[in-house]
Each structure stands twice: as C-alpha cells, then as structure tokens.
Amino acid sequence: MSKKEIILGIDLGTTTSEACIYISKSKLKMIHNDDNDDIIASVVGFDDLDKAIVFGEEAEDTKHPIFEVKREMGKNVKLTLGDTKVTPEVVSAEILKYIKKYSEESLGEKISRAVITVPAIFNIKQKEATMKAGEMAGFKVARIITEPTAAALAYCLENTEKEEFVKVMVYDLGGGTFDVSIGEFNNGVLQILGGDGDNQLGGGDFDRLLCDYICDDFQKQHGIDLRDDIKTSIKVLKKAKKAKETLSTRKKVLIKEGFMAVKNGKTISLDMELTRETFEDMISEKLESTREAIQKALKGAKLKADDIDMVLLVGGSTRIPLVKEIVKDEMGQKPRSDIDPDRAVSMGAAIQGAIITGACDAVIMDIVNFSFGISAVVDISGQDVPGYYSVIIPENSPMLKEFSKKYYAVRDNQEEVMLEVYQSNKKESFFAADQSLLKEYKLKGIPPAPAGKESVTVKFFYNLNGTMDVTAIIDSTGKEAKLT
C-alpha cells in the first residue's frame, strides 16, 4: 500500500466512547466529531421529527433514549429504537457507525479496520456480540482487547521507556464497568498476569444513587416523585452527574433547577446543597467491593501489593477522591493518572492497531480471564457423578496456547458423546450447571468397546479476539469435530 493503513482505536464505553489513531510512539491523535468533542455519550435515540437515529445529548431528549447498552451485550434481549425492537448489537453498531463516520470526515479518508476494547470481565458471548456490532458498523475488527490492557499499554509506552520489568496494576472504573488488571512491562513487551472486576459497576450507578437521593428529598418536601416522568427523571439524572463531577474537586455543590414540577398551580423548583461527605456515604459500599477484586487480581498474578511498582487509574470515575483513597489504602502507594483517564483506553487501542500494522513494535501477551471446560462424569467414592465441570483452560492462562484433556467412555459400547462447552461464572462450584453453556455438539462414531477403553481427546485454543477453537478427536480412529 502507498501509505500506512490506519486502524482506528475505539473505546466503546458504557457511558462514553472515544476514538484515537496512532501517529508515532510519542504522538497519538484523539478524533473529534462535528461538535469538536472527542468524548461522546454512548446514548442512542430516534428523532421522530427527522426520522433519524441520533446520538449523545441529542439522543437524551428523544422519546426512548437507550443508555448503557454495553451492559446488555451478549444477552438475548430486545431494546426499543423508535418503533423498532432491536438487539443490543444493533444499538452498539449504530454508535460505531457514528464513530466511523465522523472519524473518516475528520481524517479525510476511509477507515476499514478497528481495534475495539471491552472490559476484562467480558465473557465470550459478550466479546462475540462486540465483534458482531463492529462488523455491522462496517469495520473489519482487527482485534478485541481488554480495556485495562489497552490502558496499561498506553501508560507503559509513555512512562517506562527506560525501565525493565515494571509491574503495573490498572484500576479501571468507568461509567458502567470495573476492571482491575495486573501486568509486567519489559522492553516493549506487556504481559498480563491476572485480573478481576465487575461489569455491573461504574459511575452510572453512582449517578443513579444520587438521582434517587435528590428525588427522595424532593418527594419528602413536596409530595411529588420526579421519577414518574421520564423527561424529568433524565433532567435530574443530568443534574446528579454534574454534581458528582463537581464534588470531585469541591467539598459541596448546589443543585438548582428553576422548574421541576407544578403543584396546586404553582411552579416548584429544585434547590438543595450536597456535600462530598454525603455523596461518599452513598457510594462507599459499592467502592469497598473493589478491594476484593484487587486482592483476587493479585492472587491470580501470584503477587502482593508490595510487588507492584506502579498503580494506574483509568476511567472517569477514578476522579472521585474516595476512589483514590481506597486504592492508596489497599496498595500502599499513591495511584497515578499521568494520562487522561477518559482517553487512556482508546489511546491503548490505537497503539494495538499500530502493533498490527507494524508501525509500533510493542508486544501484548494477554490472559484468559475465565476458566473453560466441559461437562464430564467423575468417579466420587466409587459412584459415577455426571455433570461435573471439568476445567480444560484454567483461569488466568495465557492466550494462544493449546490445552487438552483425554476423556474415556463411561458405558459399554458407547458410540457417541454430547460435548458441552462451558465458561465459568466464577462461582465456587464443581458442577457444569452452575457455569455458562457456550455450545454443544454430539460426537458420533466411537467404536463399540468396553467402558474405559475408547477415549476422546478434547483440545481448546483461545484466540486473541476472545473466540475459542474446540477440537474433539476420537483417539482410536482419528475422527474429529471442530467448533468455534
């Protein structure tokens, strides 16, 4: 090709999304839309007047705006977009189409490939849904990488050029998901060692807690529940979000709105003072839960807090002072925010795109955040117990490595077996029924033989984009079945 291909780095976030391109090791460019914003709200709506799909703040004013679609990815649900019922993938695809459009307009050229980030805690179904959304938007998805991995890559290339074997922890608290990942950076190689998180925790949850607090106080004073009207509740939610952001830099904030409701023919306004202490009391329980994730990530990496050289904050919600206090208390060091927490993930995604094109020579060695296995029969005290979750790929294993196990026929003349592939739900359970069934396949053609004689070897290979190749081989005949 005549010039280097651009691979767009996209942080497809729960509450906001960003896009970035790699120019050189010391230069990355955030992409701006027509309003000159490089951070766009991940909100989609349908404008009944213009009969068009709209985004961001414009979408918030539509009849049925769709917020936080990322939390629905991989689920069998339908969402309302205008008069149409659509899947979460369709809504995400619309956001990605919008990003693709304004990026091409900004750069003055067509963009066909993208690296899209997802939470480290996303399972295979959620990653597949994200891949599908990217393809529906017109992208060839060059790679799906996790958000904390992307952020670590951005930070490490920026801050550790001359250092060796730097162990980093990324604490990523965004608008709707939370991840913590631990990695080691050495001479351009970033190896992820462990991670944990919660894909139902983020700044949006804090906004809603604060929104409820405001509405409860208003109802107590005036006997009117502002949540009964959709447009009014969205207005309060915006006020709550703004107050949250203000409290990151100030000890108190005034929440005012001239018109909120009408009672007995009189206009009622919103006027209340909120302190940082009150807000932190609201969210402290949710934030305290992140301590456990930090410890699980350290355990998975086989490290202690003292082993970590650098703690990195990612995601807009890490601007909350209480977050910084908790991380500092848990890790024994002051966390860093050298790169803008809202932009670090898209920057890392752009660097990953440059790695793919050969423009950047860094290397990422990521891990599998869940265990994978099949349902099997095991002997417990001389009794055959079916439905046991037999792990083939352990949690925190490296990607791009083949894992295999051999299984034997449990019945005389058994000629077929149902291969059920599961992903763990991170539950403390030995049974497959407590995990997530990904796919099943009936393998036929096992030669008749006494129980325990014939065997099947099952191989798992986890790919970089979060898909997995499964191969089952009848050992005596070589017949095999393949699943993805």
Side-chain angles (χ1 to χ4, degrees), residues 115-128 130-131 143-157 165-172 177-199 290 292-305 307-312 314 345 348-349 351-352 355-356 362-373 391-405 421-427 435-436 438 459-470:
V115 171
I116 304 175
T117 63
V118 297
I121 206 70
F122 255 26
N123 60 34
I124 274 191
K125 289 182 179 179
Q126 291 168 310
K127 290 179 180 178
E128 285 179 339
T130 304
M131 285 278 290
R143 189 68 48 82
I144 295 286
I145 65 169
T146 66
E147 291 159 4
T149 297
L153 185 60
Y155 274 106
C156 288
L157 286 186
F165 294 107
V166 176
K167 292 181 176 63
V168 298
M169 186 191 88
V170 178
Y171 182 102
D172 182 356
T177 58
F178 165 67
D179 288 306
V180 55
S181 284
I182 294 170
E184 184 176 70
F185 190 81
N186 175 47
N187 293 328
V189 178
L190 174 63
Q191 182 172 3
I192 303 301
L193 305 174
D196 201 74
D198 184 349
N199 58 18
T290 67
E292 183 180 355
I294 290 174
Q295 292 305 318
K296 285 183 178 179
L298 287 168
K299 184 178 179 180
K302 297 179 175 59
L303 296 172
K304 297 179 180 179
D307 298 322
I308 303 301
D309 301 304
M310 187 165 53
V311 179
L312 312 173
V314 177
V345 171
I351 294 170
Q352 173 64 84
I355 293 171
I356 293 170
V363 175
I364 299 175
M365 299 171 64
D366 217 333
I367 61 170
V368 179
N369 293 98
F370 298 82
S371 68
F372 294 88
V391 175
I392 295 178
I393 300 183
E395 183 179 338
N396 290 330
S397 295
M399 291 185 181
L400 299 179
K401 178 182 177 181
E402 186 176 82
F403 294 81
S404 67
K405 274 190 178 181
V421 181
Y422 287 88
Q423 175 176 291
S424 76
N425 279 329
K426 292 184 176 282
K427 291 181 179 179
Q435 318 307 326
S436 293
L438 298 177
K459 299 179 179 180
F460 283 9
F461 183 83
Y462 197 92
N463 297 295
L464 289 173
N465 277 335
T467 59
M468 187 168 64
D469 297 327
V470 179

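Side-chain contact between L190 and M365: absent, with no pair of heavy atoms (C-beta onward) separated by less than 4.5 Å. Taking 4.5 Å as the limit, every side-chain heavy atom of I355 sits out of range of all side-chain heavy atoms of V363. Within the 4.5 Å cutoff, the side chain of I392 has no heavy atoms near those of the S404 side chain.
Checking side-chain atoms of K405 against main-chain N and O of V391 turns up a donor-acceptor pair under 3.5 Å. Within the 3.5 Å criterion, the main-chain N or O of Q126 finds a donor-acceptor partner in the side chain of N123. The backbone N or O of V115 sits nowhere less than 3.5 Å from a side-chain atom of Q352 that would complete a donor-acceptor pair.
Under the rule for a side chain to side chain contact (heavy atoms under 4.5 Å, CB included), the partners of S436 that lie at least two apart in sequence or sit in another chain are N425. Listed by chain and residue number, I182, L193, L303 satisfy the side chain to side chain contact (heavy atoms under 4.5 Å, CB included) test with A301 (two or more places apart in sequence, or in another chain). Scored by the side chain to side chain donor-acceptor pair (under 3.5 Å) test, E395 finds K426 as partners (sequence neighbours excluded). Applying the side chain to side chain donor-acceptor pair (under 3.5 Å) rule to Q295 yields the partners E330; only residues at least two apart in sequence or on another chain are considered. Judged as a side chain to side chain contact (heavy atoms under 4.5 Å, CB included), and not counting sequence neighbours, the contacts of K401 are P398, F403. For N396, the side chain to side chain contact (heavy atoms under 4.5 Å, CB included) partners at least two apart in sequence or on another chain are I367. Looking at residues two or more places apart in sequence or on another chain, you find no salt bridge (Lys or Arg N to Asp or Glu O under 4.0 Å) involving K127. For E184, the side chain to side chain donor-acceptor pair (under 3.5 Å) test picks out K167, with sequence neighbours left out. Here Y422 pairs with nothing under the ring pair (Phe, Tyr, Trp, His ring centres under 6.0 Å) rule; sequence neighbours left out. Under the rule for a ring pair (Phe, Tyr, Trp, His ring centres under 6.0 Å), the partners of Y462 that lie at least two apart in sequence or sit in another chain are F372. By the salt bridge (Lys or Arg N to Asp or Glu O under 4.0 Å) test, E292 pairs with K296, sequence neighbours left out.
Atom CG in D196 sits 10.5 Å away from atom CD1 in I294 (nearest 0.5 Å). Taking CG of L298 as the start and CE of M169 as the end, the distance is 7.0 Å to the nearest 0.5 Å.
Listed by first and then second residue, the side-chain hydrogen bond (donor to acceptor under 3.5 Å, both in side chains) pairs involving residues 143-152 are K70-E147, T146-T149, T149-D366 (not counting sequence neighbours).
Two rings, from Y171 and F178, have their centers less than 6.0 Å apart.
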